[in-house]
Amino acid sequence: MKETINNLILKAAARAYQKGDLPSGELSEVDIEEPKSDAHGDFSTNIAMKMASVQKISSRKIAEVIIDQMDDPGRIIEKIEIAGPGFINFFLKAPSWYPVLRKIHDMDSKYGSSNVGNREKIQVEFVSSNPTGPLHIGHGRGAAVGDSIGNILSFCGYEVQKEYYINDSGRQIDTLGRSVYLRYKELLGKPISFPPECYQGDYIREFAVFVKADKGSELLDMDEENAVFYCAKLAAKKILSGIRQDLSAFGVEFDNWFSEQSLYDAGRVDDIINNFQQREIIYQKDGALWFNTRKFGDEKDRVVVKKNGQTTYFASDIAYHMDKYHRGFDRVINVWGADHHGYIPRVAAAIEASGKHPNQFQVISVHLVNLLRGGKPVAMSTRMGQFITLRNIIDEVGRDAARFIFLTRHHESPLDFDLEVAKTKTNENPVYYVQYVHARISSIARKGTDREKTDVTWDKQAVNRLRTPEEIQIMKAMARYPDVVQHSANSLEPHHITHYLTHLSALFHAYYNKHRVLTDDPILSHGRLYLVFAVKKIIKSGLTLLGVSAPEKM
RNA sequence: GCGCCUGUAGCUCAGAUGGAUAGAGCAACGGACUUCUAAUCCGUAGGUCGCAGGUUCGAAUCCUGCCAGGCGUACCA
């Protein structure tokens with residue numbers, strides 16, 4: 001629809017120039033917007049104001065000239081007005097919206113999708129929590145955002161892979177093993193001192209109990225390094241399997257789980273260090289190896305191999321990102337916690353150093369979640385090992401509510417997550433507000449006659465009965481859905497979908513309360529069913545992009 | 001100190017490419033269920049868009065400076 005208007009304007013402006021009514025043939029780009037106020041029409045353009053400086057005549061005059069040349073072959077326009085400093089406002093006839101309905105039904109679950117992605121290969125990496133403890137609420141937000149961005153990009157024609165990077169190497173894993181090992185020794189009555197950097201949680205003790213049950217006191221006879229290694233492997237494996245289960249319960253399925261250790265095993269980390277050394281962007285200083293990230297925009301150089309010979313996390317991260325491009329991804333998107341944002345420039349530097357374009361690497365910073373219960377902060381002490389896990393939240397408030405709430409805010413905005421609010425079933429909690437639309441329409445369908453249930457197809461006469469302001473508003477809103485999806489994909493911001501769904505739901509609920517769908521007039525009923533079934537399809541489509549279910553009954 | 005993020009109604013937050021009278025929900029007040037699900041709707045009230053300049057036909061949006069809060073500034077991950 002927008003495009004149609006766009007063409008009308010461009011043609012009119014071109015004709016005006018040919019006739020000599022416009023001094024310059026240089027046409028500005030046309031901006032079409034949907035005015036907030038109905039008094040300003042269905043669509044509006046500011047082209048006259050934009051052209052004024054080039055054309056050297058007043059914007060109202062330009063608007064007049066363009067309107068004079070306006071043609072309307074499809075007879076969609078009710079009237080055109082010039083308003084304010086030179087806005088051209090278009091008022092459309094109700095029937096001009098009907099093709100949207102048909103399109104929604106024809107395309108069905110594909111409505112809103114596109115192929116602008118052109119099969120470009122994108123990888124979205126998210127969560128990637130270290131397997132040293134269970135997922136918490138912050139991971140949940142990252143999971144919801146990453147998963148949804150992946151869904152939206154696929155919907156827009158990108159070829160998307162969702163990946164989880166497992167940090168199964170390095171000091172943290174060692175610390176995990178040490179923590180379990182110490183608790184194990186403690187269980188066997190040995191005196192221990194438990195360092196503060198070790199993991200305090202009860203789950204560590206559970207692993208120790210498991211080791212004891214499985215191996216008895218066997219580990220005491222091994223040398224400590226091997227015993228710790230054994231504990232580390234075992235605990236990491238169990239934790240990772242718990243993480244997989246939690247994510248699955250949260251409705252998140254990864255296409256690939258990528259192990260950091262595998263990079264070391266395959267010699268990839270050494271390879272990239274050697275390669276960069278040869279290219280002299282890695283150099284030696286103070287007994288360590290430094291990457292010259294400053295040359296690529298970072299504020300200082302970074303160590304990749306420490307004085308003690310160990311590689312840093314950054315070193316394997318370089319190898320990891322090189323591997324991503326090696327696997328053929330055109331663009332790589334990382335969803336990280338906002339506390340890692342200082343890390344972005346150095347990874348970006350590594351990517352630039354390898355000859356990739358900066359826009360092939362994007363980081364989504366997900367800000368922290370304040371967990372509340374009834375308005376009061378919930379104590380989240382990792383140190384004490386006492387915290388509410390993602391699993392607890394899924395169990396208490398449900399997956400749909402949690403995911404939806406995570407996606408109501410811009411990801412760079414801190415989010416308050418109130419467990420009590422998340423459980424309420426009122427307007428305060430928008431998930432149910434939106435899902436209720438789907439359930440209500442499903443209910444209408446169940447109440448309709450057999451013919452109405454199965455045979456609600458395009459019928460010109462029936463659709464022609466859709467004339468009320470509420471019906472037209474709904475059709476307008478539905479016409480916008482593809483734009484909203486596209487905008488979400490371009491900006492990597494799922495929350496636009498969430499807000500759009502809430503808005504469409506409000507329009508539907510108002511309509512439902514004011515008008516009956518099933519009436520004594522079968523033709524009118526047919527038209528209205530055709531309308532609300534379209535709404536149902538979009539609600540389901542949007543919820544699916546967010547990873548939220550669309551229930552038939554509530 | 002420097003860097004990034006945030007600052008919009010009493011509260012929680014939307015406001016893409018600068019547009020006309022800045023929008024929702026909650027809370028407050030008043031209404032609507034014999035009717036397709038009241039997990040809903042209708043109405044009233046609520047604002048110096050952190051502050052000060054600048055850019056222009058036009059700024060919550062762009063630029064500069066300041067204020068407040070969060071995060072980051074490792075040979076940690």
Side-chain angles (χ1 to χ4, degrees), chain A residues 29 31 33 35-37 39-40 44-46 48-50 52-53 58-59 83-87 89 130 132 167 169-173 175 197 260 285-290 299-300 302-314 316-317 337-345 365 367-368 375 408-410 412-416 418 421 424-437 439-448 483-484 486-488 490-491 493 495-496 498-500 502-503 505-506 508-519 525 528-529 532 553-554:
Chain A
E29 216 171 285
D31 283 339
E33 54 162 31
K36 291 168 210 156
S37 164
H40 299 138
S44 169
T45 181
N46 59 4
M49 279 106 81
K50 286 211 153 182
S53 57
S58 84
S59 44
F87 288 105
N89 295 337
N130 296 333
T132 54
N167 299 123
S169 163
R171 212 196 60 178
Q172 285 196 98
I173 290 294
T175 305
E197 70 269 19
E260 180 187 8
K285 192 184 100 184
D286 304 332
L289 285 183
W290 297 72
E299 55 185 18
K300 54 178 282 197
R302 310 291 176 174
V303 169
V304 285
V305 181
K306 299 185 245 180
K307 214 184 301 184
N308 65 10
Q310 286 178 344
T311 51
T312 61
Y313 180 82
F314 180 44
S316 52
D317 231 10
D339 54 340
H340 285 68
H341 73 252
Y343 192 71
I344 298 170
S365 275
H367 280 233
L368 90 168
T408 51
R409 306 271 178 270
H410 184 104
E412 280 186 5
S413 174
L415 170 70
D416 287 340
D418 194 309
V421 173
T424 59
K425 300 188 170 172
T426 63
N427 278 354
E428 215 174 335
N429 195 5
V431 209
Y432 300 115
Y433 187 78
V434 173
Q435 287 184 321
Y436 192 42
V437 172
R440 270 186 150 172
I441 296 172
S442 306
S443 174
I444 293 172
R446 287 192 294 271
K447 285 277 163 30
D483 285 346
V484 173
Q486 196 56 56
H487 179 219
S488 265
N490 294 342
S491 60
E493 293 169 344
H495 74 279
H496 294 118
T498 317
H499 284 275
Y500 170 81
T502 309
H503 175 68
S505 298
F508 172 79
H509 285 311
Y511 176 62
Y512 180 93
N513 274 273
K514 192 162 175 183
H515 304 284
R516 282 189 63 83
V517 173
L518 300 174
T519 64
S525 302
R528 290 186 168 172
L529 281 167
V532 299
K553 282 184 185 176
M554 284 172 72

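Every chain is numbered from 1 and lettered A, B, ... according to where its sequence line falls, protein lines coming before strand lines.
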With hydrogens left out and only the distance checked, is there a donor-acceptor pair under 3.5 Å joining A:Asn46's side chain and the base of B:A20? no
In terms of ring plane angle, is the pair A:His515 and A:Tyr511 parallel, tilted or perpendicular, where the classes change at 30° and 60°? tilted
Name the orientation class of the two ring planes belonging to A:Tyr512 and A:Phe508 (parallel below 30°, tilted from 30 to 60°, perpendicular beyond 60°). tilted
Separation between the C1' atoms of B:C36 and B:U40, rounded to whole Å: 13 Å
Of A:Arg302 and A:Glu33, whose nearest nucleotide on RNA chain B comes first from the 5' end? A:Glu33
Is it the case that the base of B:G70 and the side chain of A:His367 share a donor-acceptor contact (distance under 3.5 Å, atom types as modelled)? no
Applying a 4.0 Å non-hydrogen cut-off, can you work out what A:Pro345 is touching in the nucleic acid: base, sugar-phosphate, or nothing? nothing
Sugar-phosphate, base or nothing in reach of A:Ser413, heavy atoms under 4.0 Å: sugar-phosphate
Taking atom P in both B:G46 and B:C33, what distance in whole Å separates the two? 28 Å
Can you tell me, in whole Å, how much space there is between the P of B:U6 and that of B:A74? 23 Å
Could you check whether the side chain of A:Ser44 and the base of B:A20 have a donor-acceptor pair of N or O atoms closer than 3.5 Å, going by distance alone? yes
Quick one: sort the A:Tyr313 and A:Tyr343 rings into parallel, tilted or perpendicular, breaks at 30° and 60°. tilted
If we take the P atom in both B:A22 and B:C26, what is their distance in whole Å? 22 Å
